[in-house]
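Index from 1, following the sequence. Every number for a ligand or one of its atoms is a count from 1 in the order of the listing.
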Amino acid sequence: MTPPKPAARPDKVSLWRYLKLFRQDILSAQPAKLYHAWMAEFRTPFFRSYLINDPALIARVLTERPDDFPKSDRIGEGLRPLLGNSVFVTNGEVWKRQRRIIDPAFEGGRLRDTFPAIRDAAQSAIARMPLGTVEIEEPLSHAAADVIFRTLFSIPIENATATQVFHEFKTYQRTQPILNLAAFLPLPRWFPRFHRAATKASARKIRALITALTQARAAEIATGQAPNDLATKIMTTADPTTGQKFNTEEMVDQVAIFFLAGHETSASALSWALYLLATHPEAQDRIATEAATLNATPEFSELSKLKFTRDAFRETLRLYPPVPMMVRETTKPEDFRGRPVKPGAQVVLSPWHLHRHDRFWPDPDAFTPDRWQTDTNRTSARDAYMPFSSGPRVCTGAGFAMVEGTLLLAMLVRAFQFTAVETRIPIPVAHLTVRAKDGIWLDITRRQPPKP
Ligand code: HEM
């Protein structure tokens, strides 16, 4: 079965219709030709926008001259009450300094230290998992939030503050029904936008809770009692260039983005992965076979046993990249495939289209985890695969997310059998991440242990 893909809009629509479609769902607002084109230009009275699928252009924007293509100030607008000046929204020197402090906490070697907390969250998710016909995004959101709290602050989601942040965050999203990628449109300031009173109040509550956690941690660090987790690592790392550490306010900004970027994305990817496995039972069986070779309490070194599971997770990120599009801005005159582009134009990088582009991927809409072991896939993986973006602004949590996704998938499939509910085919829509319009529903039963 071909995994669900949103219907494309007709090639030509009026600007107002486009904007309306865009605000409902950015994926179905696009024409089908974007799965084939190297580039597309959108002209509106307010701005010019270029969606680029050409690997040379993408490399220019993300890798070769990223300083010339910053994030627009408007991007952060919808999220600023919650995220302040976090690394996700800053540019230039501020952003560089923040990355110098944050990156060491996520280095490859640190993943071994972070692993037990991820595994404990997986075990708790299994213990909590409801059986029967279940909407799976909800328990997986819970699991991914648990991963973040355990790895960042060494507390499980059952901790009173963690639970409050998680619930308040849901409220925050509810107060922003259009908290989707329309936030990235450089529309004029009179255009109805965000920051309702309820949204601001909710953001304030979340930040107060995170501030309490951060201050408590600062006190533990001061007395030498702090656990060796991501928060301690980040709060004790001095920028090698300036010698400065984060103050409380800056750390709260970063915690807010770790929570948001780290749990929404992973929950989206894991939900789609389980749906794909439910609709491809032979792939699910292969994961179950791999997972059966793990210790009851898996160790970091055993991740190397999960080759197929990792490929299935990679393939999920190809078909349903949790961050479907990213936006940058030109700051000088550019030449895009022979077309002159003025400063202030919007540049859209679209993992969603690139990952299903018919010039790069044979059978682009099919779920084929085995493609990751073929030689022919190498060029596409290099040129047309960027679920975590690329270049210096690449996702800080990319390595972390690959460990989390692979391990949770293996442990969940070892514990349960996931079966699709025929009457409920999920339709992908882009909110902050790629979610299903009416949730993802699966039948969950306990997996019978393999016969000896
Ligand atoms: C499957 C899971 C994940 C996916 C697909 C993902 C994807 C991305 C993408 C595409 C970006 C770039 C956005 C842009 O440039 O506009 C990004 C940035 C970021 N991600 Fe992730 N992410 C995931 C998990 C995580 C986790 C677990 C963390 C932290 C614990 C994290 C932290 C961040 C941060 C801090 C940034 C901002 C980096 C910067 O702008 O310098 N992400 N992520």
Side-chain angles (χ1 to χ4, degrees), residues 58 61-63 66-67 69-72 74-76 79 83 85-92 94-103 105-106 110-111 114 117-118 121 140-141 143-153 181 183-184 229-231 233-234 251 253-273 310 313-329 346-352 354-355 385-409 430 432-434:
I58 295 172
V61 171
L62 291 181
T63 321
D67 289 351
F69 299 95
K71 288 193 173 185
S72 145
R74 291 191 193 88
I75 289 177
L79 296 169
L83 299 184
N85 276 323
S86 88
V87 65
F88 191 80
V89 292
T90 51
N91 282 309
V94 175
W95 169 80
K96 283 183 189 161
R97 181 177 145 269
Q98 291 175 338
R99 286 291 297 232
R100 286 196 296 267
I101 297 175
I102 290 168
D103 283 356
F106 288 91
R110 293 279 307 180
L111 280 176
T114 310
I118 302 178
L140 290 177
S141 238
D146 195 20
V147 168
I148 292 294
F149 279 112
R150 285 174 189 264
T151 52
L152 208 55
F153 283 111
L181 286 157
F184 292 69
D229 52 23
L230 293 177
K233 175 74 183 158
I234 294 170
M251 185 62 191
D253 292 348
Q254 313 312 333
V255 173
I257 187 59
F258 291 149
F259 184 69
L260 175 65
H263 104 282
E264 271 275 305
T265 47
S266 293
S268 153
L270 282 165
S271 306
W272 285 107
R310 198 177 164 89
F313 191 62
R314 261 189 202 136
E315 182 71 345
T316 305
L317 292 175
R318 183 181 71 80
L319 286 174
Y320 300 101
V323 180
M325 291 182 204
M326 297 170 278
V327 185
R328 300 290 189 267
E329 202 171 67
Q346 190 188 49
V347 184
V348 180
L349 302 122
S350 175
W352 181 272
L354 201 59
H355 291 184
Y385 186 69
M386 49 172 192
F388 299 107
S389 183
S390 70
R393 201 141 202 173
V394 68
C395 170
T396 27
F400 177 114
M402 284 308 294
V403 169
E404 176 189 7
T406 307
L407 184 71
L408 261 78
L409 266 194
L432 209 51
T433 54
V434 173

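- Heavy-atom proximity to Thr396, at under 4.0 Å, picks out these atoms of ligand 1: 32 (C), 33 (C), 34 (C), 35 (C), 36 (C).
- Both the backbone and the side chain of Cys395 come within 4.0 Å of ligand 1, counting heavy atoms alone.
- You'll find the side chain of Met386 reaches within 4.5 Å of the side chain of Ile58, heavy atoms only.
- Ring-plane geometry between Trp272 and Tyr320 is classed as parallel, the angle between the planes falling under 30 degrees on a 0 to 90 degree scale with a further cut at 60.
- The shortest side-chain heavy-atom distance between Leu260 and Phe88 does not fall under the 4.5 Å cut-off.
- Exactly one of Lys96, Lys71, Arg393 qualifies for a side-chain hydrogen bond (donor to acceptor under 3.5 Å, both in side chains) with Asn91. That residue is Arg393.
- Close approach of ligand 1 to Pro387 is summarised as follows: ligand atoms under 4.0 Å from at least one heavy atom of the residue are 5 (C), 7 (C), 10 (C).
- At a 4.0 Å heavy-atom cut-off, ligand 1 touches Val323 through the side chain alone.
- Numbered from 1 in the order shown, with element, the atoms of ligand 1 that lie under 4.0 Å from a heavy atom of Ser389 read 10 (C), 12 (C).
- Among Ala273, Gly262, Pro321, the residue whose heavy atom sits closest to atom 27 (C) of ligand 1 is Gly262.
- In terms of polar-atom proximity, defined here as any N/O pair under 3.5 Å, Arg328 does make such a contact with ligand 1.
- Within the structure, the closest approach of Pro322 to ligand 1 falls below 4.0 Å when heavy atoms are considered.
- Under 4.0 Å from ligand 1, the heavy atoms of Arg99 that appear belong solely to its side chain.
- Close contacts between ligand 1 and Met326 involve ligand atoms 10 (C), 12 (C), 13 (C), 14 (C), 15 (O), 16 (O) [criterion: under 4.0 Å to a heavy atom].
- Ligand 1 places these atoms under 4.0 Å from at least one heavy atom of Ala401: 1 (C), 2 (C), 24 (C).
- Residues Leu317 and Pro322 form a side-chain contact, since some pair of their non-hydrogen atoms from C-beta on lies under 4.5 Å apart.
- In this structure, Phe258 and Ile102 have side chains that are in contact, with non-hydrogen atoms separated by less than 4.5 Å.
- Note that the CG atom of Asp229 and the CD1 atom of Ile234 stand 9.0 Å from one another [nearest 0.5 Å].
- Among Phe400, Phe106, Tyr320, the residue whose heavy atom lies closest to atom 29 (C) of ligand 1 is Phe106.
- Considering backbone and side-chain N/O atoms, Trp95 comes within less than 3.5 Å of an N/O atom of ligand 1.
- The shortest distance between side-chain heavy atoms of Leu349 and Val61 falls below 4.5 Å.
- In this structure a side-chain-to-backbone donor-acceptor pair under 3.5 Å is present from His355 to Arg318.
- Backbone and side-chain nitrogen or oxygen atoms of Lys71 are examined, and one is located within less than 3.5 angstrom of a nitrogen or oxygen of ligand 1.
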